[in-house]
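Worksheet: one structure, shown below.
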Amino acid sequence: MSAHIHEYRNRASTRLDTAPLREFTARFATAEEIENWDKHVTANPNGGNMLQSAAYATVKNGSGWRVRFLVLENPETASYNLVLEKKFPVLGRLWYLIKGPDLAAAEDLKAALEACAAFARGRKLNVFTIKIEPDIIDSADARAQLAAAGLVKAPNIQSNDSTALLDISGSEETVFKNISSRARNAIRRAEREGCEVVRMEQGPETYRALYDLMADTVKAKGSMPLRSYEYYAAFWDEFCNRGQGNFFFAYEDGKPSVGAFVINYGAKATYKDGGSIQNRKQYGDSHLVQWAAIRRMQELGCIEYDFCGTPPASRIKDKSHNLYGMGMFKTSFTKTVTDFVGCHDYVLSPLRHRLWVKGAERVFRRIETARTGQQFY
């Protein structure tokens, strides 16, 4: 794990102490701040997240969600976070701070969320729950801090609430030495046997090639649900248009055999999407694709590579877990699985939140999926 990220996550997981809590204020971003959104998000205390980016805001806006650009401030720092807002009959509005809030320490959560609540009430926005998922490493102390902030555990939404993180801040030689011997051997063998990785430009041909590989993988392994081609094409387009999207392919018999879409956002790289044909002849091609992506992310200034989704650390060797195969592959690059605290609800209206968790969420998700054919979140 890179030095500055490691330092933040240590702070974010420290014990509650007697230090005075910092006060926060909340507001919507100005037009200038929205225009330069990525610059502000990547300057957040933890460097932001690609799911808080301007590209992702464009993807989600109008897809059943309204995007809000929220700024949390105290005298020392500011934190820029996307809010996905959805309005429901009777209940009011749900706020989803996707992969946020991004704060300097877990102890700041209570004051930051109180500021959010005060702002929402002051603007008469009728928010009944604020859903959060900060990148705070899970521990008994962290859970105590979340409880002290009044948070209630909710089902996790994002695939990388447990994930494999690789420090790529060193030289290429250092990073290669630090990955497992299994991964190194696979990469070397693929290179010896003439496998090559090709970087592809954005566009329908590339998108269809990767989507077909993803569909083949899901069909064979049933690991993760697949959204529509149109959703992925729009997603890839938005990140590529901002110079933040990268496609990598290996080929077998002249056809794409392994594909990956990797995002560079600030100092963080994320292996967002990938797939492969089954029963390939080439050995090590998927490892070589990842190694090519890692080297490119280093060139772009990234210092951390998120493989984006594994089983929790406690189940990494559990063959019954739907992400078992992916977990085995990803932890061949970095043995440590990082478990974050995941998704929690900050309740503004206890009665309406109770209705939400007792069945309203399930009903609205079913209606939304039936109406749009898309995933709710």
Does a side-chain heavy-atom distance below 4.5 Å link [X] with [Y]?
{"X": "Ser53", "Y": "Val41", "result": "no"}
{"X": "Glu73", "Y": "Glu23", "result": "no"}
{"X": "Trp291", "Y": "Val197", "result": "no"}
{"X": "Arg227", "Y": "Gln375", "result": "yes"}
{"X": "Ser332", "Y": "Lys330", "result": "no"}
{"X": "Phe88", "Y": "Leu94", "result": "yes"}
{"X": "Lys99", "Y": "Gln158", "result": "yes"}
{"X": "Asn74", "Y": "Thr77", "result": "yes"}

Residues in ring pair (Phe, Tyr, Trp, His ring centres under 6.0 Å) contact with [X], at least two apart in sequence or another chain:
{"X": "Tyr232", "answer": "Tyr211, Trp236"}
{"X": "His40", "answer": "Tyr80"}
{"X": "Trp95", "answer": "none"}
{"X": "Tyr305", "answer": "Phe307"}

Kindly give the heavy-atom pair with the smallest separation between [X] and [Y], and that separation in Å.
{"X": "Ser162", "Y": "Asp339", "answer": "OG-OD1, 2.6 Å"}
{"X": "Leu82", "Y": "Leu51", "answer": "CD1-O, 3.6 Å"}
{"X": "Gln282", "Y": "Ser257", "answer": "NE2-OG, 3.9 Å"}
{"X": "Gly170", "Y": "Val175", "answer": "O-CG2, 4.0 Å"}
{"X": "Tyr56", "Y": "Met50", "answer": "CB-O, 3.8 Å"}
{"X": "Val289", "Y": "Ala260", "answer": "CG1-CB, 3.8 Å"}

Name all pairs fulfilling the salt bridge (charged side-chain N to carboxylate O under 4.0 Å, His left out) condition that reach into [range], sequence neighbours left out, sorted by first residue then second.
{"range": "residues 353-365", "value": "Glu361-Arg365"}
{"range": "residues 197-211", "value": "Arg208-Asp212"}
{"range": "residues 34-58", "value": "none"}

Do [X] and [Y] get their side chains close enough for a donor-acceptor pair, meaning under 3.5 Å?
{"X": "Gln374", "Y": "Ser228", "value": "yes"}
{"X": "Asp102", "Y": "Asn49", "value": "no"}
{"X": "Ser139", "Y": "Arg143", "value": "no"}

Which residues, ordered by chain and number, are linked to Val363 in its hydrophobic cluster, where ILVMFWY side chains connect at heavy-atom gaps below 4.5 Å, directly or through other members?
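ILVMFWY cluster around Val363 also holds Ile367.
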
Considering only distance and modelled atom types, tabulate donor-acceptor pairs under 3.5 Å from the side chains of residues 114-130, sequence neighbours left out.
unit_1, atom_1, unit_2, atom_2, d
Glu114, OE2, Lys110, NZ, 2.6
Arg121, NH2, Leu348, O, 3.3
Asn126, OD1, Arg352, NH1, 2.7

Give, for atom [atom1] of [X] and atom [atom2] of [Y], the distance between the pair rounded to the nearest 0.5 Å.
{"X": "Tyr229", "Y": "Tyr231", "atom1": "OH", "atom2": "OH", "value": "15.0 Å"}
{"X": "Leu103", "Y": "Ile136", "atom1": "CG", "atom2": "CD1", "value": "7.0 Å"}
{"X": "Arg189", "Y": "Leu288", "atom1": "CZ", "atom2": "CG", "value": "13.0 Å"}
{"X": "Asp273", "Y": "Leu210", "atom1": "CG", "atom2": "CG", "value": "6.5 Å"}
{"X": "Glu172", "Y": "Arg295", "atom1": "CD", "atom2": "CZ", "value": "4.5 Å"}
{"X": "Ser79", "Y": "Asp108", "atom1": "OG", "atom2": "CG", "value": "9.5 Å"}

Would a distance-only check, ignoring hydrogens and angles, find a side-chain to backbone donor-acceptor pair under 3.5 Å from [X] to [Y]?
{"X": "Lys86", "Y": "Arg93", "answer": "no"}
{"X": "Asn185", "Y": "Ser181", "answer": "yes"}
{"X": "Gln290", "Y": "Ala183", "answer": "no"}
{"X": "Trp37", "Y": "Gln52", "answer": "yes"}

Just one of Thr270, Ile263, Asn246, Ile303 clears the side chain to side chain contact (heavy atoms under 4.5 Å, CB included) bar with Met297, so which one?
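When Thr270, Ile263, Asn246, Ile303 are each tested with Met297, the side chain to side chain contact (heavy atoms under 4.5 Å, CB included) holds only for Asn246.
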
When the ring centroid of Phe364 is compared with that of Phe376, is the distance short of 6.0 Å?
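No - the distance between ring centres of Phe364 and Phe376 does not fall below the 6.0 Å cut-off.
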
In plain terms, say whether [X] and [Y] are close enough for a salt bridge, that is, a side-chain N and a carboxylate O under 4.0 Å apart.
{"X": "Asp253", "Y": "Lys281", "answer": "yes"}
{"X": "Arg280", "Y": "Asp285", "answer": "yes"}
{"X": "Arg68", "Y": "Glu85", "answer": "yes"}

For [X], give me all partners under salt bridge (charged side-chain N to carboxylate O under 4.0 Å, His left out), at least two apart in sequence or on another chain.
{"X": "Arg242", "answer": "Glu238"}
{"X": "Arg192", "answer": "none"}
{"X": "Glu230", "answer": "none"}

Is the Lys NZ or Arg CZ of Lys272 less than 6.0 Å from the centre of Phe235's six-membered ring, within 45° of the axis?
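Yes; both conditions hold, so Lys272 lies above the ring face of Phe235.
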
Any chance you could lay out the side-chain hydrogen bond (donor to acceptor under 3.5 Å, both in side chains) test for Asp161 and Thr163, step after step, and finish with the verdict?
CA-CA 6 Å; Asp161 285 321; Thr163 192; over 6 Å; no

Does the side-chain hydrogen bond (donor to acceptor under 3.5 Å, both in side chains) test come out yes or no for Gln202 and Asp237, once each step is laid out?
CA-CA 7 Å; Gln202 71 184 102; Asp237 238 7; 3.0 Å; yes

Should Arg188 and Glu191 be marked as a salt bridge (charged side-chain N to carboxylate O under 4.0 Å, His left out) after you check the CA-CA gap, both sets of side-chain angles, and the distance that decides it?
CA-CA 5 Å; Arg188 287 172 176 145; Glu191 290 175 330; over 6 Å; no

Stepwise, does the side-chain hydrogen bond (donor to acceptor under 3.5 Å, both in side chains) test hold for Glu196 with Tyr251?
CA-CA 8 Å; Glu196 294 182 355; Tyr251 288 77; over 6 Å; no

